Engineer: 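The structure under discussion is supplied below as C-alpha cells; questions concerning it will follow.
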Amino acid sequence: MDKNFYITTPIYYPSAKPHMGHAYSSIIADFFARFKRIDGYDVYFLTGTDEHGLKIQRAAEKKGLDPLEFCNVISKTFKDLSNTLNLTNTDFIRTTEERHKKSVQHLWSELEKNDDIYLSKYSGWYSVSDEAFYNEDEIEELDGVKVAINSKSIVEWIEEESYFFRLSKWQKPLLDYYEKHADFISPESRKNEVISFVKSGLKDLSISRKTFSWGIKVPNNKNHVIYVWLDALTNYLSALNYPEINNELYKKFWPASIHLIGKDILRFHAIYWPAFLLAAKIDLPKKIYGHGWILTGDEKMSKSKGNILDPIKVIDEYGLDALRYYLIKEVSFGNDGNISQEKLEDCNNSDLANNYGNLCQRVTAFAIKNCDGNIPNKINFQNDDLLILNKYNDNLNNIRKNIDNQNLNFYINYIVNSLFEANKYFNDQEPWKKKDDQERLNTIVYTALEIVRKISFLLYPIIPESSLKALKIFNISENEINLSSISNNEYLIKGNYINKIDILFKKIERSND
RNA sequence: GGCGGGGUAGCUCAGUUGGUUAGAGCGCAGGACUCAUAAGCCUGAGGUCAGUGGUUCGAUCCCACUUCCCGCUACCA
C-alpha cells in the first residue's frame, strides 16, 4: 500500500492581500496533511504564489516597481500567512522561480511535440483582472464602459497572434476519464457541473499572449508569454522537479493525491489541467476537490463585522486554533459556510473552552491532587472503563475511511461526541467519592487521562497548537503523535509525572452588537 | 430558458433505500452534584420536515404542480 500523500492548495494570486478564502483552503489542506502524517504517511504539502500576468505587471507599474520586486513583497505576505496559520507545508513555490520556469517550458514543448499546440490569431474582449477572453454575448456596457457580465470587470478589445491548445480534441477523453474515475472530481455536484460543461463542447484554448511581457516566454518565440493558467497549474509538477521524472520527489509523490481548490477555479483544474496532462502523457492527479466559500451572510458590514473576513484580524482577536476549529467544524465541507463573530465566540466557548479545555483541566487537577501528581500505577479496568476506551479502537478504520472521502464533518462530530462521553464518564464515575478505594480512583483517573490523550491526538490536525499544549500534561511531543495509538488503552506510562498546564482556551466575553 | 442542488426546532445543520413518539449542537427553562475555566451531568419546552394535490394500508422521504433560495449553463439584447 502506497503510504505517500501529496496535497496542494491553489497557488495564490498576490494582487491583493490574503483573505478568509485563502486561509480556508490552506487550513483545510493543513488538516489533511497533518492527519495523514500522524497516520504514518510521507506527506508532501505544497502551497505558494502565482505571480505572472498582466494584472501583476500593471499593479507593479502603478507602484513604480519592477514586477519581480513587487511580487517579492506580496508573495512574502502569503508566506507569512502560512506561518500565521501554522501550516506544515513542505514547500512554498513561486511561479517566478527558475525551477518552475523550466517545468512550464518543458511542458509546453511536450504539448507542442504531441501536436497539441498551433499558432493562430485571436481577437476578442479581454479582461485583465479575470485573465479571460469573453465572447460578445458575455459582455455588457455599464456607464459607457464595456464590462464582463459575470464579473463586471472591464474588458478591452484585443487582437493578436496566439498559440492555441487543442482542447477540443480532448473532450471525449476527458468525459471517458470522468466516467472511469468516479472520484476524480468532488463533491458530486461539482462533478456534474463539469461534465455538463464539457459535454456542451470545448473550444480550443488560447494559451499565449503577446501584449505584455510579464510571464514565462514561449520556447523559441520570445514574443509570446505563456497563458497564466497553463503557467500556474504547472506548479503542482514543478515543485516535484518535473521534468526530471526520475528524481525522488516526482517518483514518490506524482500523481498528486488531491488538489484542494475553491469552487471558483474548478474549471481550470477539472478541465484544462487534466487536458494538458493527458496531452503531455502525464498521469492525472487522483482527485480535485472544489470546496465552498466562506461568507458573512447578509449582515451589515459594520466595522467589526467586516473584520471577520480578515483572517489576520480574526486570529489576533480570537486565536488561530479558534479559527481553525471553527472553519472545520461549522462549515459543512463542500458547501458554502458562514462565519460571524457570534458563532465563532459560541464555538470557542462551548466546544473548546467548556468541553475540551475544561475536561483537560478537571482531569489533570484531580489527578495531581489525588494521585501524588503521577499517572496512576496500580489500576484495574472494569467494564465501564473498557467500554469507553475501546470505542476509539473500534472506530479507527472508520475514521480513516471518512477522511479519505474528505468527510470532515464526520471526523469532527466523532470528536465532539467523544468529548461529551468523556465528560459524562468522569461525572458518572464520581472519582471524588472514591477516596476510600484508591485502586478504583486510580483506574478512573487513568482512564480519563487516556481519553484526554486520545482525543488530543485526534484534535491535533485541527488545533495543533492547543493539542500540543494539552499533551504537555504527559510530556508527549509532536513527533510522538500517531493515530494508530488511539487504539492502545495503556499508552501512558504509569508512574510518570503529570504536568499541570495552563488554561487551554480562554472564554470570550460575548460581544453584543 | 435548460440542467442540477436546496427550503427540516429561535440559530447552524444532520437524517429518512416510505413504516409506531423526526435528530444533533448552540440558545432557552428546571433539577441533582461539586473534581474543573460559574465548567460538567440529568430532565424538559420548542417542528402541520416550504405550499397544494397525487400514488400508497401508510409520505418529511416517491410523483406532479406552485413558490422561494443557490450553483452551472444558454438565449435574447
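Quantities reported herein were computed from a predicted structural model and do not represent experimental measurements. In the text below, chain A, chain B and the rest are named by the order of the sequence lines, each starting its count at 1.
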Engineer: What interatomic distance, in whole Å, is found between P of B:U17 and the corresponding atom of B:G6?
Structural biologist: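 The same atom, P, in both gives a distance of 15 Å.
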Engineer: Kindly point out which of B:C41, B:A36, B:C26 is positioned nearest to the side chain of A:Gln361?
Structural biologist: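 Taking heavy atoms from C-beta onward, the closest nucleotide is B:A36.
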Engineer: Counting only Watson-Crick or G-U wobble pairs whose two distances fall under 3.5 Å, which nucleotide matches B:C65?
Structural biologist: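 Pairing partner, where one exists within any strand: B:G51.
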Engineer: I want to verify a distance call: between B:C72, B:G40, B:C41, whose nearest atom is closest to the A:Asn354 side chain?
Structural biologist: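 Nucleotide nearest to A:Asn354's side chain: B:G40.
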Engineer: What's the gap between B:U21 and B:A74 when it is taken at their C1' atoms, as a whole Å value?
Structural biologist: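 Approximately 49 Å lies between the C1' atom of B:U21 and that of B:A74.
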Engineer: Give a yes or no on whether a salt bridge exists between A:Glu193 and A:Lys263, defined as a side-chain N under 4.0 angstrom from a carboxylate O.
Structural biologist: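 Looking at A:Lys263 together with A:Glu193, the answer is no, because their closest N to O distance does not fall below 4.0 Å.
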Engineer: When you compare B:G25 with B:U8, how far apart are their C1' atoms, in angstrom units rounded to a whole number?
Structural biologist: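 After rounding to an integer number of Å, I get 15 Å for this pair.
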Engineer: Assign each of A:Ile503 and A:Asp351 to its nearest nucleotide of RNA chain B by heavy atoms, then name whichever residue's nucleotide is nearer the 5' end.
Structural biologist: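 With A:Ile503 and A:Asp351 compared, the 5'-side residue is A:Asp351.
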Engineer: Please report the distance, rounded to the nearest Å, between OH in A:Tyr356 and P in B:G40.
Structural biologist: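 Spelled out: OH on A:Tyr356 to P on B:G40 is 16 Å.
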Engineer: For B:A29, which nucleotide is its Watson-Crick or G-U wobble mate, given both distances must be under 3.5 Å?
Structural biologist: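 The answer is B:U43, by the H-bond criterion.
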Engineer: Can you list, pair by pair, the side-chain donor-acceptor contacts under 3.5 Å of residues 164-174 of chain A, counting residues two or more places apart and other chains?
Structural biologist:
residue: A:Arg166; atom: NE; partner: A:Asp115; partner atom: O; Å: 2.9
residue: A:Ser168; atom: OG; partner: A:Asp204; partner atom: OD1; Å: 2.6
residue: A:Lys169; atom: NZ; partner: A:Asp116; partner atom: OD1; Å: 3.0
residue: A:Lys169; atom: NZ; partner: A:Asp116; partner atom: OD2; Å: 3.4
residue: A:Trp170; atom: NE1; partner: A:Asp116; partner atom: OD1; Å: 2.9
residue: A:Gln171; atom: OE1; partner: A:Leu202; partner atom: N; Å: 3.3
residue: A:Gln171; atom: NE2; partner: A:Val198; partner atom: O; Å: 3.1
residue: A:Lys172; atom: NZ; partner: A:Asp176; partner atom: OD1; Å: 3.2
residue: A:Lys172; atom: NZ; partner: A:Asp176; partner atom: OD2; Å: 3.2

Engineer: Holding to salt bridge (Lys or Arg N to Asp or Glu O under 4.0 Å), I want the full list of residues that pass it with A:Asp428, two or more places apart in sequence or in another chain.
Structural biologist: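 In terms of salt bridge (Lys or Arg N to Asp or Glu O under 4.0 Å), with neighbours along the sequence ignored, A:Asp428 is linked to A:Lys424.
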Engineer: Report the nucleotide, chosen from B:G25, B:A14, B:U37, that has the shortest atom-to-atom distance to any side-chain atom of A:Phe420.
Structural biologist: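 Of the options given, the side chain of A:Phe420 lies nearest B:G25.
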Engineer: Need the pair for B:G1. Rule: Watson-Crick or G-U wobble, both distances under 3.5 Å, any strand; none if unpaired.
Structural biologist: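 Partner of B:G1: B:U73.
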Engineer: Counting only Watson-Crick or G-U wobble pairs whose two distances fall under 3.5 Å, which nucleotide matches B:A24?
Structural biologist: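 Its partner is B:U12 (Watson-Crick or G-U wobble, both distances under 3.5 Å).
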Engineer: Which nucleotide in the list B:C41, B:A14, B:C35 gets nearest to the side chain of A:Asn423?
Structural biologist: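 The closest nucleotide is B:C41.
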Engineer: Can you tell which of B:U37, B:A36, B:U34 lies closest to the side chain of A:Ala365?
Structural biologist: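 The answer is B:A36, which lies nearest to the side chain.
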Engineer: Using the rule for Phe, Tyr, His and the six-membered ring of Trp, do A:Phe366 and B:C35 stack at under 5.5 Å and under 30°?
Structural biologist: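 One would not call A:Phe366 stacked on the B:C35 base.
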Engineer: If you take the centroid of each ring, where Trp contributes its six-membered ring, are A:Phe31 and A:Tyr411 closer together than 6.0 Å?
Structural biologist: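 Yes; A:Phe31 has its ring centre under 6.0 Å from that of A:Tyr411.
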